[in-house]
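Structure, as structure tokens:
Just follow the structure's listing: the first ligand is 1, and inside any ligand the first atom is 1.
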Amino acid sequence: MIYDYLDCTVQLAPSNTQGLVLNNPLMTASGTFGYGIEYGDLIDIESLGAIICKGTTLMPREGNSQPRLIETASGLLNSIGLENIGVDAVIRDKAPVWAKWRVPVIVNVAGQTIDEYTEVVKKLEGVIGVSGIELNISCPNVTAGGMQFGADSKIAAKLTKEVKNITGLPIIVKLGPNVTDITDIAVAVEEAGADAISLINTLKGMAIDLKAQRPCLGNISGGLSGPAIKPVALYMVYEVANAVHIPVIGCGGIICAMDALEFLACGASAVQVGTANLLNPHATINILEGIKEFMSGNNIKSLREIVGTCLP
Ligand SMILES: Cc1cc2nc3c(=O)[nH]c(=O)nc-3n(C[C@H](O)[C@H](O)[C@H](O)COP(=O)(O)O)c2cc1C
């Protein structure tokens, strides 16, 4: 179907001079879609709203020991541990490909120290093909950094401010559920200048191999994703969208268009699809089609009419 008359555009960085306009709200969640390039022959990459690449660190990382992925009831536990090629290889090998696409690519950045985050962001500043940064302050699968920056509102705000001071690129801060009060952290990063907030990263968990009498994952614990976490993610998005005035990006367990629409109703301006990509590389495109069908069937001309309808 042709739904050209529908307005699905989203501005994710309204206060940023560079802005971050997406043609539609469908983004691929970091770590579940590689660098996008791997999917080029499978789907029409440019019909996505945005691509978020694998978490990127200053130096390449090998990640955690195997096994690193295990299926659970309606979910997936991963303990990849931020395996990635490092920022220099991203700039050298990936960005030139991204530069030819009309779809914005956002680099997910991780680090063990605030200096590492800022070093990576400095290198990405001005690189053609990079449209924004997602600060991953919520990775549960690394021993240093990651989640520790997102669990304390003061540290989260300090990191956000330092990154904002050195770049004009739009900054999305990615929050995780393994915290006492996610709204505290959301408000702190908003005050520190974040352009948008994405949530949620995975929930820390474990699985047991009874036969071997040991944890299934080489790292013992991992991050839970997939449909099992959707109700948790929805509620957190609802709470955060209620507490901040910057765009919120919802993520966690989105498999179909109805899931995505629920996040939009809870105040998300856009959504990220993660685990569903591993089941079906067309998931994001199918979800986008489903949202457009829903809009057309309900005489909704602009996506903005749906955002936040369930908020108090
Ligand atoms: C295999 C795997 C790798 C991931 N790697 C990253 C990462 O590098 N950076 C990050 O911020 N989130 C990472 N995530 C978390 C996802 O981006 C997403 O926040 C989470 O999976 C919840 O969404 P979902 O239920 O749709 O998968 C990863 C998730 C999975 C399953």
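- With a 4.0 Å heavy-atom cut-off, ligand 1 is reached by no atom of K230.
- A donor-acceptor pair under 3.5 Å is absent between the side-chain atoms of N108 and the main chain of A110, judged by distance alone.
- What sits closest to atom 13 (C) of ligand 1 on the protein, heavy atoms only, is S30 O, 3.1 Å.
- Any N or O atom pair closer than 3.5 Å counts here, and V273 shares no such pair with ligand 1.
- The side-chain heavy atoms of R68 and N219, taken from C-beta on, include no pair separated by under 4.5 Å.
- Atoms of ligand 1 found under 4.0 Å from any heavy atom of T202 (numbered from 1 in listed order, with element): 20 (C), 21 (O).
- Salt-bridge check for K122 with E125: failed, with every basic side-chain N at 4.0 Å or more from each acidic carboxylate O.
- At the top of the distance list for atom 26 (O) of ligand 1, counting protein heavy atoms only, stands G274 N, 3.0 Å.
- Contact between I255 and ligand 1 is absent, with no heavy atom of the residue lying under 4.0 Å from the ligand.
- More than 12 heavy-atom neighbours from other residues, nucleotides or ligands sit within 6.0 angstrom of CG on N165.
- Of the candidates C251, G55, G253, G253 brings a heavy atom nearest to atom 25 (O) of ligand 1.
- A side-chain donor from one of T57 and N84 sits under 3.5 Å from a side-chain acceptor of the other.
- Atoms of ligand 1 lying under 4.0 Å from any heavy atom of T275, numbered from 1 in the order shown and given with element: 24 (P), 25 (O), 26 (O), 27 (O).
- Between N201 and the choices S30, S225, S138, the side-chain hydrogen bond (donor to acceptor under 3.5 Å, both in side chains) rule is met once, by S138.
- Taking atom 11 (O) of ligand 1 as the reference point, the nearest protein heavy-atom neighbour is N108 ND2, 2.9 Å.
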Verdict with supporting geometry, E162 and K158, salt bridge (Lys or Arg N to Asp or Glu O under 4.0 Å): CA-CA 6 Å; E162 295 212 4; K158 181 171 161 51; 2.9 Å; yes

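- Summary of contacts: the protein heavy atom closest to atom 21 (O) of ligand 1 is S225 CB, 3.2 Å.
- With a 4.0 Å heavy-atom cut-off, ligand 1 is reached by the backbone of I200 but not by any atom from C-beta on.
- With a heavy-atom cut-off of 4.0 Å, N201 touches ligand 1 through backbone and side chain alike.
- Within a 6.0 Å radius of CD in E62, no more than 12 heavy atoms belonging to other residues, nucleotides or ligands are found.
- Using the six-membered ring where Trp is involved, Y117 and F149 have ring planes that are perpendicular, over 60° apart on the 30 and 60° scheme.
- Compare K174, E83, Q272, R68 by their heavy atoms: the one nearest to atom 17 (O) of ligand 1 is in K174.
- Residue A188 comes nearest to A157 through the heavy atom pair O-CB, 3.8 Å, listed as atom of the first residue, atom of the second, then distance.
- Taking 4.5 Å as the limit, every side-chain heavy atom of I249 sits out of range of all side-chain heavy atoms of E134.
- Counting heavy atoms closer than 4.0 Å to ligand 1, residue N78 contributes side-chain atoms (C-beta onward) but none from N, CA, C or O.
- With a 6.0 Å cutoff to the six-membered ring centre and a 45° limit on the axis angle, K292 does not count as a cation-pi contact of Y3.
- Ranking protein heavy atoms by distance to atom 5 (N) of ligand 1, first place goes to K54 NZ, 3.0 Å.
- Nearest protein heavy-atom neighbour of atom 3 (C) of ligand 1: G31 O, 3.4 Å.
- Taking any N or O of G226, backbone or side chain, at least one lies under 3.5 Å from an N or O belonging to ligand 1.
- Heavy-atom proximity to L82, at under 4.0 Å, picks out these atoms of ligand 1: 8 (O).
- Interface of N136 with ligand 1, defined as ligand atoms under 4.0 Å from a residue heavy atom, comprises 9 (N), 10 (C), 11 (O).
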